[in-house]
Protein chains: 2
Amino acid sequence: MKPTIRDVAKMAGVSISTVSRVMNTPESVIESKRVRVQQAIEQLQYQPNSFARGLIYRKSFTLGLLIPDIENMYYAGIIRGMQDACIKLGYSLMICNTDRDKNRLLAYIDAFHEKQVDGIVFASDVIFPEYYEKLMSCKIPFVLISSHSDEYEVPSVEIDDEKAAYDAVKFLIELGHRDIGMIGFNHENSISGPPRYQGFLRALHEAGLDHNAEKIRCAAHRFEHAYDAAHELFTDYPELTAVFCVADEFAMGVISYLKDRNILVPGQVSVVGFDNLRMANMFIPKLTTISQPMYEMGYRAAEKLHELVTTGSTQVLREKLEHKLIVRESSRQR
Amino acid sequence: MKPTIRDVAKMAGVSISTVSRVMNTPESVIESKRVRVQQAIEQLQYQPNSFARGLIYRKSFTLGLLIPDIENMYYAGIIRGMQDACIKLGYSLMICNTDRDKNRLLAYIDAFHEKQVDGIVFASDVIFPEYYEKLMSCKIPFVLISSHSDEYEVPSVEIDDEKAAYDAVKFLIELGHRDIGMIGFNHENSISGPPRYQGFLRALHEAGLDHNAEKIRCAAHRFEHAYDAAHELFTDYPELTAVFCVADEFAMGVISYLKDRNILVPGQVSVVGFDNLRMANMFIPKLTTISQPMYEMGYRAAEKLHELVTTGSTQVLREKLEHKLIVRESSRQR
DNA sequence: CTGAAAGCGCTAACAT
DNA sequence: ATGTTAGCGCTTTCAG
């Protein structure tokens with residue numbers, strides 16, 4: 001049987017309230033007793049019961065994290081950052097993988113509600129009205145990560161997707177490329193898809209390269225889809241000498257396709273990715289890409305959620321973190 | 001304010017015990033009242049407070065998962081499997097990433113203890129006496145995944161590492177290779193390292209190829225280390241035409257090194273990996289590898305833990321799942 | 001079949 | 001400074 005506060009009190013020869021005080025406001029207890037209590041706690045390996053505490057504080061000191069796809073390496077960095085912040089702030093973390101399934105996500109919100117998590121961070125997903133309503137009716141605070149909401153006042157942390165895409169495409173243009181394609185996210189349900197396409201367009205326009213505007217094909221998150229999308233893209237536009245991909249995984253799919261077609265990267269076609277996954281540096285060729293600060297985003301999201309949970313609001317609502325272009329081997333001067 | 005059982009009782013015009021019965025033993029409540037209570041629950045969106053429940057049942061209906069490195073894709077499959085099993089069995093899942101840090105792991109065990117998780121699954125790690133003692137003194141049931149313990153009676157689910165390594169090396173031998181090297185795990189702290197080396201040795205011996213026995217270099221889990229290890233290996237044994245890697249990530253590191261040295265894979269050197277990560281199929285060349293059933297392992301581990309939690313023991317202590325050789329592009333006839 | 005009441009382990013207000 | 005006690009929301013005897 002796990003020892004209770006009573007066992008500690010008995011062993012130390014004090015009342016249970018004194019034990020409680022030693023744990024919560026130690027300075028209010030006279031040294032002699034405090035020491036005795038601490039020894040008893042030590043000896044019994046006593047740990048307060050978190051259910052009892054939760055019942056009183058109405059807090060679980062647990063945060064929830066909802067991610068769309070645990071097999072996507074993008075989230076690993078976010079998880080690490082968030083977990084480190086949670087340790088610092090005294091929270092436990094509950095990670096749930098929705099597999100991009102709406103019902104599953106809704107079920108997880110229920111589970112979070114039942115477990116009374118103090119707050120939730122939502123990764124990458126669009127906030128559908130259903131989610132929003134549910135969260136509001138449960139009164140669970142939440143923040144968005146690599147996502148944001150235009151309709152609702154929801155705190156978020158992300159990068160500037162439009163600018164990041166712009167930077168990537170501009171880089172390709174500066175390399176001398178004139179025929180540039182893009183592999184984007186399927187637009188429905190994608191929050192970062194549209195702004196990245198806008199960035200592509202802006203860079204093109206600025207350089208008088210608008211004729212590339214329609215040279216985009218979309219893929220659904222995975223390598224294989226990007227492979228297929230690349231096939232469509234190059235079938236329709238064989239003149240392409242560069243392609244901008246909105247995810248490193250897409251870049252790998254494209255390069256894989258090109259490889260199968262015996263087209264050299266970067267010899268004949270330059271490819272730039274997005275995210276800077278750990279894999280970007282392991283792939284052959286190493287990927288030129290836009291680096292997202294996944295770790296910091298996870299960390300900041302947790303801090304922001306903490307702020308929201310404790311103060312009821314956040315200083316800045318929509319927060320943008322810095323991205324960076326990393327030039328490696330998959331791109332080359334035209 | 002979240003509605004309580006009292007609110008439901010009031011609305012339905014019954015006592016709180018009746019409400020409780022409707023939730024736990026509905027057949028013991030007369031239909032008319034039961035219906036009224038259910039309607040009230042529905043209307044108020046009532047959810048029982050899990051703290052109060054936990055206080056009584058001394059159960060959290062939560063399982064803990066300890067993994068060494070969330071950025072290693074190997075664990076993604078395990079997480080998915082375990083999470084699906086948890087949904088089926090009615091548990092929540094708490095995933096913690098130890099970053100292979102002993103103190104951090106110990107701290108997580110404390111956190112699990114405090115949160116009163118019903119059981120823990122330990123991924124890949126050796127069970128040091130400290131861990132074992134701690135877990136025993138907390139009386140938290142636990143199972144090992146892709147690991148096992150010779151000293152203690154701990155349930156585990158893994159593959160047959162020796163046999164898997166044997167299969168991989170034998171495959172290389174059948175391809176006609178006579179000079180075969182290996183990139184293994186650093187032996188201290190590795191549970192699967194030694195048996196995989198044994199499998200390597202056995203295949204070698206069986207074919208009269210014992211002269212390769214010492215052609216092994218070790219790496220510490222990451223791509224970069226494998227790259228360096230490959231450098232050492234090929235510097236010492238330039239005659240090698242094949243190398244067996246105990247992880248896909250190592251295989252990628254080796255191929256990357258070979259690429260930088262302008263040695264063709266599989267043209268000049270064949271490489272076989274281990275795990276069959278999703279990446280194995282995205283890499284160039286696609287990896288020939290030993291496939292581990294990560295998803296099933298996670299799933300089984302959760303089921304086994306559930307069995308242990310509910311019955312106090314498991315039918316079979318150490319469970320082995322099937323591996324499979326997947327032949328792709330990184331290996332070729334000598 | 002149903003209600004009243006005890007109690008799970010803890011905190012905080014109230015006495016002393 | 002410290003002990004006593006009333007709950008937090010729920011389940012579970014125990015009466016009726």
Side-chain angles (χ1 to χ4, degrees), chain A residues 1-41 44-62 90 110 113-118 138-139, chain B residues 1-38 40-41 44-62 90 110-111 113-118 138-139:
Chain A
M1 210 40 246
K2 233 187 135 185
T4 76
I5 198 171
R6 259 174 252 289
D7 301 316
V8 177
K10 198 173 297 171
M11 173 174 282
V14 297
S15 77
I16 60 166
S17 0
T18 300
V19 176
S20 178
R21 285 190 192 97
V22 174
M23 309 187 60
N24 299 298
T25 50
E27 64 285 358
S28 74
V29 174
I30 207 165
E31 172 150 5
S32 61
K33 294 198 180 185
R34 186 175 46 204
V35 172
R36 262 158 50 211
V37 169
Q38 278 159 343
Q39 285 172 345
I41 288 177
L44 292 167
Q45 290 244 46
Y46 168 74
Q47 267 199 322
N49 183 313
S50 63
F51 295 133
R53 279 197 140 139
L55 208 44
I56 293 163
Y57 292 132
R58 301 189 153 64
K59 286 201 56 177
S60 59
F61 298 98
T62 300
D110 277 334
H113 184 207
E114 198 221 312
K115 288 278 198 299
Q116 328 220 6
V117 302
D118 301 332
C138 295
K139 300 219 204 80
Chain B
M1 209 43 244
K2 232 186 137 187
T4 76
I5 196 171
R6 255 173 256 287
D7 301 317
V8 177
K10 197 172 299 170
M11 173 173 282
V14 297
S15 77
I16 61 167
S17 347
T18 299
V19 177
S20 177
R21 285 191 192 98
V22 174
M23 309 187 61
N24 299 297
T25 51
E27 65 285 358
S28 74
V29 175
I30 207 166
E31 173 150 6
S32 62
K33 293 197 180 187
R34 187 175 44 202
V35 172
R36 261 157 53 212
V37 169
Q38 279 160 342
I41 288 178
L44 292 167
Q45 291 244 44
Y46 169 74
Q47 266 199 324
N49 182 313
S50 63
F51 295 133
R53 280 199 138 137
L55 206 46
I56 293 163
Y57 292 131
R58 299 187 155 67
K59 286 201 60 175
S60 59
F61 299 97
T62 300
D110 278 334
H113 184 205
E114 198 221 311
K115 287 280 197 297
Q116 328 223 5
V117 302
D118 300 332
C138 297
K139 302 218 202 83

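Side chains are part of it too, since the values below use all heavy atoms of this structure and drop only hydrogens, waters and symmetry mates. Only a predicted model underlies this, so the values are computations on that prediction, with no experimental measurement involved. Sequence lines set the chain letters: A, B, ... in the order given, protein chains first and strands last, and positions in each chain run from 1.
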Could you go through the side chain to side chain contact (heavy atoms under 4.5 Å, CB included) check for B/Tyr46 and B/Met23 one step at a time?
-> CA-CA 11 Å; B/Tyr46 169 74; B/Met23 309 187 61; 3.7 Å; yes
Nucleic acid contacts of residues 14-22 of chain A, taken as heavy-atom distances under 4.0 Å to DNA chain C | A/Ile16, A/Ser17, A/Ser20, A/Arg21
Report the distance from atom [atom1] of [X] to atom [atom2] of [N], rounded to the nearest whole Å.
{"X": "A/Leu55", "N": "C/dG7", "atom1": "CG", "atom2": "P", "value": "17 Å"}
{"X": "A/Glu31", "N": "D/dA1", "atom1": "CD", "atom2": "P", "value": "13 Å"}
{"X": "A/Ile5", "N": "C/dG7", "atom1": "CD1", "atom2": "P", "value": "18 Å"}
{"X": "B/Lys59", "N": "D/dT11", "atom1": "NZ", "atom2": "P", "value": "15 Å"}
{"X": "B/Arg53", "N": "D/dC10", "atom1": "CZ", "atom2": "P", "value": "8 Å"}
{"X": "B/Tyr57", "N": "C/dG9", "atom1": "OH", "atom2": "P", "value": "16 Å"}
{"X": "B/Gln116", "N": "C/dG9", "atom1": "CD", "atom2": "P", "value": "9 Å"}
{"X": "B/Arg58", "N": "D/dC10", "atom1": "CZ", "atom2": "P", "value": "18 Å"}

N/O donor-acceptor pair under 3.5 Å between A/Arg34 side chain and A/Pro26 backbone = yes
Counting only N and O atoms by type, is there a donor-acceptor contact under 3.5 Å from the side chain of A/Gln47 to the main-chain atoms of B/Glu114?
-> yes
Which part of the nucleic acid, if any, lies within contact of A/Ile56, taking any heavy atom under 4.0 Å across all strands shown: a base, the sugar-phosphate backbone alone, or nothing?
-> base
[X] [atom1] to [Y] [atom2] distance, which is reported to the nearest 0.5 Å:
{"X": "A/Gln116", "Y": "A/Phe61", "atom1": "CD", "atom2": "CZ", "answer": "12.5 Å"}
{"X": "A/Leu44", "Y": "A/Met11", "atom1": "CG", "atom2": "CE", "answer": "4.0 Å"}
{"X": "B/Arg21", "Y": "B/Ser15", "atom1": "CZ", "atom2": "OG", "answer": "6.5 Å"}

Counting just side-chain N and O atoms, does A/Lys33 come under 4.0 Å of either OP1 or OP2 of D/dA1?
-> no
Can you find a side chain N or O atom of A/Asn49 that sits less than 4.0 Å from OP1 or OP2 on C/dC10?
-> no
Atom CD of A/Glu27 with >12 non-hydrogen neighbours under 6.0 angstrom = yes
Among D/dA1, C/dC8, C/dG9, the one nearest any side-chain atom of A/Ala52 is C/dG9
